[in-house]
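Working notes, beginning with the structure itself.
The sequence lines fix the lettering, A, B, ..., with proteins before strands; numbering per chain opens at 1.
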Protein chains: 2
Amino acid sequence: MSSSVQSVAERAGVSVSTVSRALRGVPGIAESTRKRVQKAAEELGYVASLSASRLATGRTRTVAVVVPLLSKWFFAEVIAAAGRVLSRAGYDVLLTELSTPELRSAFFAAPRLQGRSDGALVLALQLTPEELAALEAQGQVVALVGSERAGASSVCVEDRNGGRAATRHLINLGHERIAFLGIQEAPGSTLGGVPPAERLLGYRDALADAGITPDPGLEFGVGNTVDAGAAAMAKALTAAEPPTAVVAASDELAFGALATLRKAGLQVPGDFSVVGYDNHELAGSIGLTTMDHGVAEQGRLAAEALIATLEGAPAAVERLEPNLIVRGSTAPPRRLRTAVP
Amino acid sequence: MSSSVQSVAERAGVSVSTVSRALRGVPGIAESTRKRVQKAAEELGYVASLSASRLATGRTRTVAVVVPLLSKWFFAEVIAAAGRVLSRAGYDVLLTELSTPELRSAFFAAPRLQGRSDGALVLALQLTPEELAALEAQGQVVALVGSERAGASSVCVEDRNGGRAATRHLINLGHERIAFLGIQEAPGSTLGGVPPAERLLGYRDALADAGITPDPGLEFGVGNTVDAGAAAMAKALTAAEPPTAVVAASDELAFGALATLRKAGLQVPGDFSVVGYDNHELAGSIGLTTMDHGVAEQGRLAAEALIATLEGAPAAVERLEPNLIVRGSTAPPRRLRTAVP
DNA sequence: CGGATCTTTGCAAGCGCTTGCAAGAAGTCG
DNA sequence: CGACTTCTTGCAAGCGCTTGCAAAGATCCG
């Protein structure tokens with residue numbers, strides 16, 4: 001169990017350096033010797049000391065995954081996908097949740113990854129240049145998900161196209177009064193986990209494309225929770241000329257919107273259409289039309305990019321195109337449906 | 001950056017051992033010396049090498065969190081809560097997802113935690129005695145969530161009481177035909193992440209308490225997903241004498257049930273009552289009556305127990321009592337409601 | 001068959017920190 | 001003021017593995 005290279009060396013009748021090389025598959029060891037060493041190691045139940053080899057090599061074969069909030073489905077899903085890739089490649093996964101501004105600044109103020117990991121996979125946090133520099137100063141190779149920075153690998157989604165596609169879908173169905181529920185961080189928060197308002201811009205693009213004059217009164221910015229979505233939807237319904245459809249910047253907001261609509265006695269999609277964003281695990285069961293942006297794939301790709309960079313490849317940027325998934329929450333507005341039986 | 005104790009020692013004009021002790025706050029160093037050393041360290045941007053101190057001490061100050069499936073809300077929530085406690089106590093969190101039987105057996109077959117962590121926090125997996133022994137043989141202190149084993153700390157929920165309370169709530173409202181949607185692992189799966197059917201037993205207890213003869217045709221065992229819940233609910237509705245309420249063994253199943261009921265045109269709670277189990281983050285927004293069993297608290301308590309054990313305390317077992325949270329998905333059955341205006 | 005060329009192995013010097021032990025400095029007390 | 005504590009600090013021996021370099025053996029070829 002706690003046997004050392006020494007003991008294996010003695011048992012196999014070779015030197016420690018031979019044991020080290022044999023067990024790690026370093027070329028330059030006779031196959032017969034290697035076998036003998038492996039046998040001895042096995043008989044002794046030998047397991048190389050991680051700390052010792054890390055100290056000697058300076059590499060940890062560990063990747064830190066840094067995430068703003070673990071309990072959100074999106075992050076859990078990305079981490080899971082990235083984790084599978086990483087552990088298959090032999091990397092350990094160190095988890096760091098930066099759920100408050102204090103934790104965030106403390107994390108970047110001290111060299112908290114130094115000697116702990118070879119690379120960092122940073123999800124969603126919009127890193128300041130200083131923060132990125134801090135990570136690099138700690139010897140971390142960094143890969144980003146959901147943002148882009150010079151010098152780091154990243155995978156991001158063409159959210160503007162996504163917002164546009166979601167909105168265009170509604171426009172194509174005949175909707176003209178379309179609300180937008182956007183994600184906006186609480187004013188005081190410096191967590192900075194929210195990506196720029198690309199989705200909102202896409203929404204405006206689509207309206208412009210269709211020659212619809214945007215109504216600022218139909219754009220809402222709220223926290224990314226079901227309840228916030230419900231509240232915003234309720235407010236939207238009180239407009240002088242209420243919308244007939246809504247684009248939500250996340251499925252969670254959309255779930256809230258659906259709850260409000262149901263409570264208001266409006267049929268979806270009969271009276272009102274809803275399109276979400278994320279393709280949340282529950283979106284399918286609920287029948288929500290939404291934008292899929294390959295959440296698991298983002299994790300996978302980012303992990304692969306990070307591993308590649310760790311093994312010497314240059315940093316790479318990957319852009320994912322979101323995809324509209326039409327389910328049962330969207331349909332032509334009632335006005336048109338009665339006209340066209 | 002990559003300065004060593006040496007350089008700090010020289011700069012402060014002391015020996016390396018003094019630096020080591022000064023920086024770690026070991027008693028027996030004059031306050032003035034400590035100050036001087038700290039200053040030197042700071043000026044040099046010195047950060048102690050983790051691998052080196054781990055090698056020297058034999059402790060990693062890392063805890064492995066082992067979980068069957070990361071992307072389920074329950075696990076993410078537990079991990080998040082545990083992670084906060086652990087990192088506040090200065091422990092790193094190493095994440096291991098055992099999402100398939102192959103990964104599980106590979107994990108326990110090799111000493112994968114040896115030298116990587118001091119302890120393991122194992123969620124939901126019902127460890128075999130051999131698996132637990134394997135972890136202990138690797139020098140891990142282990143704490144369990146959702147199961148109980150001799151020699152390990154654990155926190156678990158009185159699920160039988162929970163099932164009973166959920167069911168009793170419906171009985172008190174006047175329901176008599178009550179279905180149960182239970183969680184059952186796929187037959188081939190050896191993942192073993194599912195706790196024993198305590199909740200089902202509680203359901204039967206409650207029926208027995210009320211003198212209702214249980215109808216095996218109303219008990220369903222399915223995978224723990226929204227869709228499975230929806231399907232099972234659909235089947236339940238086709239019974240010769242259909243139920244008027246259902247107890248679901250998880251909120252996810254309950255979400256599925258709600259979807260089916262809505263699709264079937266049944267009003268909840270007017271025509272049908274549903275009670276879930278978990279108090280899932282979305283349960284509140286959806287208005288689901290459910291059993292809360294302090295998910296985050298389980299993580300917190302388990303992490304605290306693990307830390308305590310790592311610091312020498314004996315293993316401890318904590319039992320949580322689940323709590324009924326009444327929301328809008330339960331009401332007296334229609335028969336009664338019309339009788340009692 | 002002898003020297004040149006590979007191959008295979010061992011030596012020893014790290015990697016950077018911790019810690020038991022002992023020595024020197026300082027303080028205490030009768 | 002000297003013997004005895006009590007504090008502080010340094011020495012040096014690890015912790016267990018990796019790796020550059022050189023030596024020893026094996027192989028090859030004219």
Would you please confirm or rule out a distance under 4.0 Å between OP1 or OP2 of [N] and any side-chain N or O of [X]?
| X | N | answer |
| --- | --- | --- |
| A/Arg54 | D/dC17 | no |
| B/Thr57 | C/dT19 | no |
| B/Ser17 | D/dA12 | no |
| B/Ser20 | C/dT18 | yes |
| A/Arg21 | D/dC17 | no |
| B/Ser15 | D/dG10 | yes |
| B/Thr18 | D/dT9 | no |
| A/Arg34 | C/dT8 | no |

Nearest heavy atom decides the nucleotide; on that basis, is B/Val19 or A/Gln6 closer to the 5' end of DNA chain D? B/Val19
Does this structure show an ion pair linking B/Asp118 with B/Arg61, if we count only N-O contacts that are shorter than 4.0 Å? no
Whole-Å gap separating [atom2] ([N]) and [atom1] ([X]):
| X | N | atom1 | atom2 | result |
| --- | --- | --- | --- | --- |
| B/Lys35 | D/dT8 | NZ | C1' | 16 Å |
| B/Leu50 | C/dT18 | CG | C1' | 14 Å |
| A/Leu44 | D/dG16 | CG | C1' | 15 Å |
| A/Glu31 | C/dT7 | CD | C1' | 14 Å |
| A/Arg36 | C/dG10 | CZ | C1' | 14 Å |
| A/Arg59 | D/dT19 | CZ | P | 11 Å |
| A/Arg116 | C/dC17 | CZ | P | 14 Å |
| A/Ile29 | D/dA24 | CD1 | C1' | 14 Å |

From C-beta outward on [X], which listed nucleotide comes closest to its side chain: [options]?
| X | options | result |
| --- | --- | --- |
| B/Ala52 | C/dC17, D/dC17, C/dT8 | C/dC17 |
| B/Ser53 | C/dT8, C/dT18, D/dT18 | C/dT18 |
| A/Ser49 | D/dC17, D/dT19, C/dT8 | D/dC17 |
| A/Leu55 | C/dC17, D/dC17, C/dC15 | C/dC15 |
| B/Val5 | C/dT8, D/dG16, C/dC17 | C/dC17 |

More than 12 foreign heavy atoms under 6.0 Å from CD of B/Glu43: is that the case here? yes
In terms of heavy-atom contacts, does CD of A/Glu42 have more than 12 from other residues, nucleotides or ligands at under 6.0 Å? no
Check the pair B/Gln140 / B/Ser117 against side chain to side chain donor-acceptor pair (under 3.5 Å), numbers first and verdict last. CA-CA 7 Å; B/Gln140 303 294 311; B/Ser117 54; 2.8 Å; yes
Using the rule given for side-chain contact (heavy atoms from CB on, under 4.5 Å), can you reason through B/Trp73 versus A/Lys72, listing the C-alpha separation, both sets of side-chain angles and the distance that settles it, and then say yes or no? CA-CA 8 Å; B/Trp73 172 79; A/Lys72 281 253 168 238; over 6 Å; no
Counting any heavy atom closer than 4.0 Å, what does B/Ser51 reach on the DNA or RNA strands: base, sugar-phosphate only, or nothing? nothing
Could you tell me whether B/Val14 contacts a base, only the sugar-phosphate backbone, or nothing, with contacts defined as non-hydrogen atoms closer than 4.0 Å? sugar-phosphate
I'd like to check B/Leu86 versus B/Asp92 (side-chain heavy atoms, cut-off strictly below 4.5 Å). Are they in contact? no
Sub-4.5 Å side-chain heavy-atom contact between A/Thr62 and A/Arg116: no
Need the bend value for the helix from C/dC1-D/dG30 to C/dG30-D/dC1: angle between end axes, 5 pairs each end, nearest 10°. 40°
Using a distance-only test with no angle check, is there a side-chain donor-acceptor pair under 3.5 angstrom linking B/Ser15 and B/Thr18? yes
Between B/Arg11 and B/Lys39 (side chain of the first, backbone of the second, donor and acceptor by atom type, cut-off under 3.5 Å), is there such a pair? no
